[in-house]
Number of protein chains: 2
Amino acid sequence: MIMAKQTVVQIDNQATEILTRNNLSITGGRKRILHLFLEQAGALAHGDIEKKVGEKFDRVTIYRTLQTFVDKGIIHTIPTADNSIRYALCKDECSGGHHHDHHVHFVCTVCHITYCLDDVVTPALKFPKGYTSSHVEVVAEGVCRNCKPQH
Amino acid sequence: MIMAKQTVVQIDNQATEILTRNNLSITGGRKRILHLFLEQAGALAHGDIEKKVGEKFDRVTIYRTLQTFVDKGIIHTIPTADNSIRYALCKDECSGGHHHDHHVHFVCTVCHITYCLDDVVTPALKFPKGYTSSHVEVVAEGVCRNCKPQH
DNA sequence: CTTATTTTGCAACTATGTTGCTTTTTTAAT
DNA sequence: ATTAAAAAAGCAACATAGTTGCAAAATAAG
């Protein structure tokens, strides 16, 4: 899927639009953090965000902003086995207010970027008698498109 | 699967056997922690273990013991979205030295116990062009057998 | 039983996450 | 545009989680 890189203005408009649509005040911090998610494909951990925004914002503000975004369904969390919650933007289908994110997540072992594979749907599973599942998370580990050895 | 509850002695023998098989010194701490895993079905987070063993062992010892067990393939980690690494015993098939754990994990939203569903195999997935996956983790959320509303 | 090796405990430290309260910014109404 | 009410950000203090180096204790091997 090749698409023209968005201009800063476009990203900014998109950030504002997301905040407006979710009845959130438009603030520098929220726009800054949304920019980070809009500018790149991967998921971000709290620590990544803290590093990227530099000293500009208080740690507490970042925590609260991420929590707000999760509550509003703007971003979703991705389970990891390394004790760092990762967050990724919900795609348009999700952002109505409630989450869907029935897609698979992919962690590249080379570049350590976490991708949302929106086209890979989590498969249906048959559970043992007595277990009722309401939600299934799938995290795949491997080598991503960009880190694939060239031939 | 109904099986007779193991006696304390049996569990203790089993713990010793696991340590011996993995060339680990037999110490009180390691046996104590192995007991916790052998005595019950669910996965344990570091915090759970710290609470259960009481003041008997240093926090650092617990961290190091868990790390040792993971390295030896005695236990494996389970990804979560709530920033707490959970550990579960590897079943016999896994414990040779390298991990398999191709099974699904199940987190009960009522009792918050994490189960290894050893009989539910992680399904094969078709990834987008360029992505090569080496390992897939599946975590299901729902209501477990014990918490299921009775009829 | 003694020695070499491994493990544990301790102390100090870093990182991560939370809460209450004050100040600042944003919004919305004049 | 000004201003009052509401929301967000910053600050400080705290709580929890995880790491590292080193000394003391326990274990394994001879």
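Here is the naming used below: chain letters follow the sequence lines, and residue numbers restart at 1 for every chain. Just so we're clear, the structure is a prediction, and the values are computed from it rather than from any experiment. Quick note: numbers below take in every heavy atom, side chains included, and nothing from hydrogens, waters or symmetry partners.
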Validation row, ring centre A/Phe37 to ring centre A/Phe69 under 6.0 Å: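 That pair fails the under 6.0 Å test.
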Is a donor on one side and an acceptor on the other found under 3.5 Å between the side chain of [X] and the backbone of [Y]?
{"X": "A/Thr114", "Y": "A/Val107", "result": "no"}
{"X": "B/Thr109", "Y": "B/Gly142", "result": "yes"}
{"X": "B/Thr77", "Y": "B/Tyr87", "result": "no"}
{"X": "A/Asn22", "Y": "A/Ile18", "result": "yes"}

Most 5' of A/Val60 and A/Thr68 on DNA chain D, judged by nearest nucleotide: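 Upstream on the strand: A/Thr68.
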Between [X] ([atom1]) and [N] ([atom2]), how many Å, whole number?
{"X": "B/Lys56", "N": "C/dC10", "atom1": "NZ", "atom2": "P", "answer": "12 Å"}
{"X": "A/Asp82", "N": "C/dT16", "atom1": "CG", "atom2": "P", "answer": "11 Å"}
{"X": "B/Asp58", "N": "D/dA26", "atom1": "CG", "atom2": "C1'", "answer": "15 Å"}
{"X": "A/Ile62", "N": "C/dA15", "atom1": "CD1", "atom2": "C1'", "answer": "14 Å"}
{"X": "B/Asn23", "N": "C/dT5", "atom1": "CG", "atom2": "P", "answer": "17 Å"}
{"X": "A/Gln67", "N": "C/dT16", "atom1": "CD", "atom2": "P", "answer": "18 Å"}
{"X": "A/Asp71", "N": "D/dA8", "atom1": "CG", "atom2": "P", "answer": "11 Å"}
{"X": "A/Lys51", "N": "C/dT14", "atom1": "NZ", "atom2": "P", "answer": "16 Å"}

Which atoms of nucleotides 1-4 of chain D (N or O only) lie under 3.5 Å from a protein N or O atom, and what are those distances?
none

B/Thr80 side, atom OG1; A/Asn83 side, atom CG - distance, nearest 0.5 Å: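 Rounded to the nearest 0.5 Å, the OG1-CG separation comes to 7.0 Å.
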Sequence neighbours excluded, every pair satisfying ring pair (Phe, Tyr, Trp, His ring centres under 6.0 Å) that has a member inside residues 45-68 of chain A: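 Listed once each, the pairs are A/His46-A/Tyr63.
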Mind listing the N/O atom pairs, protein and nucleotides 16-18 of chain D, below 3.5 Å?
residue: D/dG18; atom: OP1; partner: A/Asn83; partner atom: ND2; Å: 2.1
residue: D/dG18; atom: OP2; partner: B/Tyr63; partner atom: OH; Å: 3.1
residue: D/dG18; atom: O5'; partner: B/Tyr63; partner atom: OH; Å: 3.4
residue: D/dG18; atom: N7; partner: B/Arg59; partner atom: NH1; Å: 3.3
residue: D/dG18; atom: N7; partner: B/Arg59; partner atom: NH2; Å: 2.8
residue: D/dG18; atom: O6; partner: B/Arg59; partner atom: NH2; Å: 3.1

Side chain proximity check, B/Gln67 to B/Asp71, heavy atoms < 4.5 angstrom: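 They are in side-chain contact.
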Any A/Ile113 side-chain heavy atom under 4.5 Å of A/Gln40 side chain: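 Sidechains of A/Gln40 and A/Ile113: no contact.
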Residues clustered with A/Val60, ILVMFWY side-chain links under 4.5 angstrom: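 Taking Ile, Leu, Val, Met, Phe, Trp and Tyr as members, A/Val60 stands alone, with no cluster partners.
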ILVMFWY clustering at 4.5 Å (side-chain atoms), partners of A/Val9: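 Grouped by the 4.5 Å side-chain rule, A/Val9 forms a cluster of one, so the answer is none.
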Give every pair of a protein N or O atom and an N or O atom of nucleotides 21-29 of chain C that lie under 3.5 Å apart, one pair per line with the distance.
residue: C/dT27; atom: OP1; partner: A/Ile26; partner atom: N; Å: 2.8

